[in-house]
Structures are given as C-alpha cells and as structure tokens.
S.K.: 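Mind looking over this structure? Questions follow.
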Amino acid sequence: MEKREEKQSLEEGSICGYNSLQHLLSENLKPQLYQEVSRLLLGLNCGKTLETIAVSESAKSLSSKHDFDLQAFKFSADKELLREPRVVRVGLIQNSIALPTTAPFSGQKKAIFEKLGPIIDAAGASGVNILCLQEAWMMPFAFCTREKSWCELAEPVNGESTQFLQEFACKYNMVIVSPILERDINHGETLWNTAVIIGNNGNIIGKHRKNHIPRVGDFNESTYYMEGNTGHPVFETAYGKIAVNICYGRHHPLNWLAFGLNGAEIVFNPSATVGELSEPLWPVEARNAAIANSYFVGSINRVGTEIFPNPFTSGDGKPQHSDFGHFYGSSYFSAPDASCTPSLSRYKDGLMISDMDLNLCRQMKDKWGFRMTARYELYADMLARYLKPDFEPQVITDPLLHKKSS
Ligand SMILES: NC(=O)NCCC(=O)O
C-alpha cells in the first residue's frame, strides 16, 4: 500500500495518492465500514448499493492501452405493471488537453481529436446510447487569459468538431452531446458557449447555448461570449428526453428547474472547474438538482492543469499566474432517488458509463410529489414583483427590535 501511495502521490491532482475519494475510502476502511460509509455518501438505489456492470473486453483493453479510467454502473427502477423498463446506457467523457497550449492551434485540436477517438470507441464498444463530452472539449479552457487569439478556435455548429463526432454517432448509433466554442456566422460571427446535440443518425438535432456566464476567480468568460439565447430546450432523442445545463448554470436552481419543467429525463452538466474554487460544491449541486427535479444528471469536469504562455491576473489582488489551477475531473451520475455513482479519477482521462431505467423519474415524482406540492404560482408572483424597479423585500420587522430599552 505504501509503495502504491508513494507512486501515485507523484500524480498531480491525486487525493493523498488516490485516484478519487471512493478509492481512498475503500482502500483504507474495513469492507463493512466502507459499505456503511458508501450507503451514506452515495445513497441506495431501489434499497441496494448501486450495482456495477461488466464492460466489454475491447473497452477494457482500450482503457488500459490509452490509460483512461473506466467505470460502469446501473441505476434500476421498480418493476411496473403497465410499462416496460426504459433502460438507456449513458456515457460521460472527461479528458485533459493533448498538447501544450503553446503548440499551433490546428495541432492542438487535432491532438485532442486523436486522444478522444479511443475513448469514444470504448463508449461505442460498450453500447453507450447517449454520450456527453466536457465543456469546450475541442480546446484548452483559455478563457482565463482574456486573449482574443483563442477566438480563432471557435467553430460553426456544423464545423469540424461536429463532423468528427457525426462519424462516431453513425458508427455506434449513438446520440452525442458536443459542447463547443461556437461561432455563429449568420449573426455577425458572434461567439457562444454551445452544446450541439448530434442524433444517432449523425444528424444535428439542435443546440443549446450556456445561459449563465461566470464572473468569478479566473473564469473571465464574459470576455468571449454572451449569455445564451436558446432558453431551456429539451431534445427528444431516440433514447429519451435530454437537456444540457452548461457548467456555471449548475449554481442556479431555477435553471435546473426550467429543464425539468420542459420534461427532461437526463440533464448533462458539462463543466470546466478547478479545485480551489468549487470542489465542495461539486458533489452537492447536481445531486440536489436530480432529486428536486426527478431526473438523472450527468456531471462532467475536465482534468489536468493547463498552462498558458502569458501570465494573467483577474483583478482579485492575486499575483499574476499562468494557469487556472487543477481541473479535478470527478465526473459522476446522480439519480432522482438521491443515489449517485462514485466519481471518475481526479487526474486521469475517463469514461463513466451507466445504465439508467428512465421509469425511475416518474416513480420518484409519484413518490415525493414535488411537481404537485411546488407552489409555482407563488414563485411566479414573487419573481414578477422582484423584477419591478419598485420592488421591496417582504420583511416583517419585530416592532421591539428598534425600540430603545427604557
Ligand atoms: N466554466 C465555468 O462556467 N466555470 C465556472 C466555475 C464554476 O462554476 O465552478
């Protein structure tokens, strides 16, 4: 054990030498204790610990040859009398960039394509029906720099990244969600942070643009694109109704709600975020959204530290620096019954696969009745009042609070 830890502690981004929190716990707790900790940490699905599923030999050999984490689980639902189970197999890919950020742009993109190919093949060989990649997967997450040269990497919705993925979609009969930096040629060559939804026949079903742009830490993304103008679309695919809540949107419960009200069964949250800023939030927000909205969530974060040629500051008093910090991976799935998978590695590329019986969404709606007990008319009224310039917060002050004691 000591040797293993020593070796792994050399890996930047490991947790005390371990790949993930679950590895740290499972390797240090007695099995019975680990089972109890795991019950509390990951919840139970249909009253049981989440089952793992066997992945194909070819996926396993791709993961060892190309050194990516590969994990697979199964969310069950209760058997129903009038409906057949609706099981779909869903995949999430997290990855680091493939070349230094100083390499020629065309080479950087090509190298990312080459790196992703075998991971997508592993998803295809495992029978994944719907696959989602990380935010702006086709480039380094250069938005910390504020340098405009990175805009060159933006592509139209039907550009080279989409074309690259369309082939896999056709080959594996797979829906692919592809978050890119988009350039909208028809609207003045403007830039957007966009997820392209590629159907299982290789067709483009539609797109969604990131609704909330961060203005925190080094996430200087408003230098590059504006808040999205596509609302909260749900895409009805061959395998279920899906939506995409891009990265920072996960901090906004109403954003999650809107996808739910439009009928999403699976919401993807492709992200790029760093340990220092958001790691305590990561296991909480998506899981809460899955519970509150009775849908599945697939959370993806990139991995690695990306170092940029020119140092930058973000007006926060910190000394100039050349990287965002460590993107901590840890991609995972959450289910509407509050169970979730362990997370992928904190520092390695990875493919997380899960079967999910979509019947669980309605079963949880029937059980908890959140849709029926919600008071949308109260919230709508509150929001309508809040938006008015003469809004005043509804605060009832204790009349004794400001009375002078005699
Ligand atoms: N990409 C992005 O929106 N990151 C913001 C940081 C965070 O939300 O954790």
Side-chain angles (χ1 to χ4, degrees), residues 13 92-97 101 112 132-147 150-151 153-154 161 177-182 191-196 207-230 232 243-256 258-259 267-290 297-306 308 312-316 318 321 323-332 334 343-344 346-347:
L92 312 174
I93 292 180
Q94 65 176 39
N95 60 279
S96 58
I97 53 174
T101 60
I112 294 176
C132 185
L133 308 187
Q134 69 199 17
E135 183 181 20
W137 65 270
M138 24 60 87
M139 60 182 288
F141 211 71
F143 310 128
C144 48
T145 67
R146 298 198 207 91
E147 291 162 358
W150 299 101
C151 297
L153 287 167
S161 295
V177 179
S178 168
I180 61 167
L181 179 63
E182 180 205 347
L191 300 190
W192 304 90
N193 186 321
T194 300
V196 182
K207 64 170 184 241
H208 173 55
R209 290 172 170 163
K210 181 172 179 172
N211 277 333
H212 302 275
I213 309 293
R215 293 164 171 83
V216 57
D218 290 337
F219 289 86
N220 300 315
E221 296 177 37
S222 56
T223 307
Y224 294 90
Y225 33 80
M226 301 298 289
E227 276 77 9
N229 56 1
T230 48
H232 296 91
V244 196
N245 183 0
I246 304 176
C247 195
Y248 186 80
R250 76 184 182 283
H251 309 303
H252 292 277
L254 292 180
N255 208 45
W256 290 110
F259 293 117
V267 179
F268 294 99
N269 177 228
S271 298
T273 186
V274 291
E276 198 190 331
L277 179 69
S278 66
E279 208 160 3
L281 285 61
W282 185 250
V284 178
E285 291 171 309
R287 197 169 171 196
N288 181 58
V297 177
S299 306
I300 311 157
N301 186 21
R302 61 172 61 206
V303 277
T305 303
E306 301 175 4
F308 293 93
F312 52 86
T313 64
S314 291
D316 54 7
K318 287 195 184 149
H321 46 287
D323 65 88
F324 251 121
H326 179 72
F327 293 104
Y328 55 86
S330 310
S331 305
Y332 72 108
S334 317
S343 45
L344 282 178
R346 201 175 178 281
Y347 61 87

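Every number for a ligand or one of its atoms is a count from 1 in the order of the listing.
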S.K.: Short question: side chain of Glu306, backbone of Phe141 - any donor-acceptor pair under 3.5 Å?
M.R.: yes
S.K.: Measuring only between side-chain heavy atoms, which start at C-beta, is Glu182 closer than 4.5 Å to Leu191?
M.R.: no
S.K.: Between Asn301 and Ser330, is any pair of side-chain heavy atoms under 4.5 Å apart?
M.R.: no
S.K.: Got a salt bridge between Glu276 and Lys318, using NZ or NE/NH1/NH2 to carboxylate O under 4.0 Å?
M.R.: yes
S.K.: Quick test: of every protein heavy atom, which one is nearest to atom 8 (O) of ligand 1, and how far off is it to 0.1 Å?
M.R.: His251 NE2, 2.6 Å
S.K.: Could you tell me if any non-hydrogen atom of Ser271 lies under 4.0 Å from any atom of ligand 1?
M.R.: no
S.K.: Using a strict 4.0 Å cut-off to heavy atoms of Pro214, name the atoms of ligand 1 that fall inside it.
M.R.: 2 (C), 3 (O), 5 (C)
S.K.: Provide, to 0.1 Å, the distance between atom 2 (C) of ligand 1 and the closest protein heavy atom, together with that atom's residue and name.
M.R.: Cys247 SG, 2.9 Å
S.K.: Give a yes-or-no answer on whether the side chains of Tyr248 and Thr273 include a donor-acceptor pair shorter than 3.5 Å.
M.R.: no
S.K.: Is there a nitrogen or oxygen of Val216 sitting under 3.5 Å from a nitrogen or oxygen of ligand 1?
M.R.: no
S.K.: Any chance you could lay out the side-chain hydrogen bond (donor to acceptor under 3.5 Å, both in side chains) test for Asn95 and Arg302, step after step, and finish with the verdict?
M.R.: CA-CA 5 Å; Asn95 60 279; Arg302 61 172 61 206; over 6 Å; no
S.K.: Report, in ascending order of atom number, the atoms of ligand 1 lying under 4.0 Å from any heavy atom of Arg250.
M.R.: 7 (C), 8 (O), 9 (O)
S.K.: Atom CD in Glu227, atom CD in Glu221: separation rounded to 0.5 Å?
M.R.: 10.5 Å
S.K.: Nearest protein heavy atom to atom 9 (O) of ligand 1, by residue and atom, and its distance?
M.R.: Thr273 OG1, 2.6 Å
S.K.: For Phe219, which part has a heavy atom under 4.0 Å from ligand 1: side chain, backbone, both, or neither?
M.R.: side chain
S.K.: In terms of atom number and element, which parts of ligand 1 are under 4.0 angstrom from non-hydrogen atoms of Ser278?
M.R.: 9 (O)
S.K.: If we count only N and O atoms by modelled type, under 3.5 Å, do the side chains of Asp316 and Ser314 hold a donor and an acceptor together?
M.R.: no
S.K.: Find all atoms of ligand 1 within a distance of less than 4.0 Å from any non-hydrogen atom belonging to Ala272, and give their numbers and elements.
M.R.: 1 (N), 2 (C), 4 (N)
S.K.: So for Phe141, does at least one of its heavy atoms come nearer than 4.0 angstrom to any atom of ligand 1?
M.R.: yes
S.K.: Could you tell me whether Leu277 approaches ligand 1 through its side chain, its backbone, both or neither, with non-hydrogen atoms closer than 4.0 Å?
M.R.: side chain
S.K.: Pick whichever of Glu135, His212, Lys210 has a heavy atom sitting closest to atom 3 (O) of ligand 1.
M.R.: Lys210
